[in-house]
Amino acid sequence: VQEARRYIDRHVPDQTDYDGEPFLADRPARERGKVAGALAALGWTGDQASLDLMQRYRVDRILNDRTWICLCDPVNGASVKLADWTQLFVDDFGMHPDFIAIAGSEEPTDYLDPQGSWYVRWKKDGRIYAVERDEWGDPDVATASARLGLNLWPPYTSFVAWWVSEHMRSKG
C-alpha cells in the first residue's frame, strides 16, 4: 500500500491530458471532509489508505488514456459519482449490493446496457475485482477465478497505482 501510494503521489501531480496539458486531480480542501461520510454511506469502511487517497485526490480526475472508463469519485460534483454508478448497476442491472462499482463511464451505451467486465470493490474482503457482468449478481462466482494483477488487486490503492501506470504507459 505504501509503495503504491508513493507511485501515485509521484505521477498524479504531474499528469497531463490528451493534449499534453497539466490535468490537476487535487481535491479542494472544502471537499475533503465529505469523503469519509460518502464512503461510509456505501459501506466502504475500515480502509484508511483508500480514505487518505480519496481525501488527497479526486479519483475521477486520475487519468488512464488506455480506456474509455474513469474512476468513480465519492463526492458530489464528480463526473461519475461512486454512489450513483453503484446504484445504477445494483438497481438496473442486478449487481450484488456487496459490490461497489469503482469505475464508471460517460458513454450513453454503458448507462443503457453495460457489457463485459467492470471494476468493483467487494465489501466482504475489501479487494478490487474485474468481474463479468454475467456473474456480478453472485460475488462468490464472480470472484472465484480472480488472479492477482490480472483481475484482482488486494487494496484499492494498488488498483489506483496500476491505473496510473496504464496512463503512464500510454504516454510512452
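The figures here come from the full heavy-atom set of this structure, side chains too, leaving out hydrogens, waters and symmetry mates.
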Looking at Glu3, I'd like to know if its CD atom is crowded, meaning that more than 12 non-hydrogen atoms belonging to other residues, nucleotides or ligands lie closer than 6.0 Å.
no
Nearest 0.5 Å, what's the CE-CD distance between Met54 and Glu31?
13.5 Å
Backbone N/O of Ala101 and side chain of Thr86: donor-acceptor pair under 3.5 Å
yes
Going from CG on Asp84 to SG on Cys72, what distance comes out if it is rounded to the nearest 0.5 angstrom?
9.0 Å
Heavy atoms of Ile8 and Pro13 approach each other most closely as O-CD, 3.8 Å
Any salt bridge linking Asp73 with Arg27? Criterion: basic side-chain nitrogen under 4.0 Å from a carboxylate oxygen.
yes
Quick one, Trp68 and Glu107 - any side-chain contact, counting heavy atoms below 4.5 Å?
yes
Just verifying a value: how many Å separate Cys70 SG and Ile102 CD1, rounded to the nearest 0.5 Å?
11.0 Å
Does Val120 reach the side chain of Ile128, with side-chain heavy atoms less than 4.5 Å apart?
no
Could you check whether any side-chain heavy atom of Phe159 comes within less than 4.5 Å of a side-chain heavy atom of Arg127, counting everything from C-beta outward?
no
Within the structure provided, determine whether Tyr129 and Asn151 are in side-chain contact (heavy-atom separation under 4.5 Å).
no
For the student: nearest non-hydrogen atoms of Pro74 and Leu39, plus distance:
CB-CD2, 4.0 Å
What I'd like to find out is whether the side chain of Glu166 reaches to under 4.5 Å of the side chain of Asn64, using heavy atoms alone.
yes
Smallest separation among heavy atoms of Asp26 and Tyr57, with atom names
OD1-CE2, 3.9 Å
Any non-hydrogen side-chain atom of Arg32 less than 4.5 Å from a side-chain atom of Val75?
no
Are the side chain of Trp118 and the backbone N or O of Arg133 linked by a donor-acceptor pair below 3.5 Å?
no
Would you call Val131 and Glu135 a side-chain contact if the rule is heavy atoms closer than 4.5 Å?
no
Specify the closest pair of heavy atoms between Ser117 and Glu132, including all atoms of both residues, with the distance to one decimal.
CB-OE2, 3.3 Å
Under the 3.5 angstrom rule, does the side chain of His167 hit a backbone N or O of Thr16 as a donor-acceptor pair?
yes
Between Asp52 and Arg56, does any NZ, NE, NH1 or NH2 come within less than 4.0 Å of an OD or OE carboxylate oxygen?
no
With rounding to the nearest 0.5 angstrom, report the OG1 to CG distance, Thr45 to Leu51.
11.0 Å
Aromatic contact, Tyr119 with Trp153 (centres under 6.0 Å)
yes
Candidate pair Gln55 and Val35, rule side chain to side chain contact (heavy atoms under 4.5 Å, CB included), full reasoning:
CA-CA 6 Å; Gln55 286 176 326; Val35 174; 3.9 Å; yes
Over all heavy atoms of both residues, which pair between Ser50 and Thr157 is shortest? Give the atoms and the distance, please.
N-OG1, 4.2 Å
Does some side-chain heavy atom of Ile69 sit less than 4.5 Å from a side-chain heavy atom of Ser105?
yes
Using the rule that two of Ile, Leu, Val, Met, Phe, Trp, Tyr join whenever any of their side-chain heavy atoms come within less than 4.5 Å, decide whether Val1 and Leu71 are in one cluster.
no
Would you call Asp60 and Lys81 a salt bridge, taking side-chain N to carboxylate O under 4.0 Å as the test?
no
Can Leu53 be reached from Trp162 by stepping across I, L, V, M, F, W or Y side chains whose heavy atoms are under 4.5 Å apart?
yes
Tell me if the centroids of the rings in Tyr156 and Trp44 come within less than 6.0 Å of each other.
yes
Side chain Asp138, main chain Asp140, donor-acceptor under 3.5 Å
yes
Shortest non-hydrogen separation from Ala83 to Leu42 and the atoms involved
CA-CD2, 3.8 Å
Give a yes or no answer on whether the side chain of Trp85 reaches the backbone of Ile100 with a donor-acceptor pair at less than 3.5 Å.
no
Between Asp17 (side chain only) and Glu21 (backbone N and O only), is there a donor and an acceptor less than 3.5 Å apart?
yes
Taking atom OH of Tyr7 and atom OG of Ser158, what is their separation to the nearest 0.5 Å?
13.0 Å
Could you state the interatomic distance from NE2 (His96) to OG1 (Thr143), rounded to the nearest 0.5 Å?
11.0 Å
Let me know which of Trp136, Phe99, Tyr111 forms a ring-ring contact (aromatic ring centres under 6.0 Å, His included) with Phe89.
Trp136
Is the side chain of Lys34 donor-acceptor paired with the backbone N or O of Asn76 at a distance under 3.5 Å, no angle test?
no
Stacked cation flag Arg61 on Phe23, 6.0 angstrom / 45 deg
yes
Hey, is the main chain of Leu63 close enough, under 3.5 Å, to the side chain of Gln15 for a donor-acceptor pair?
yes
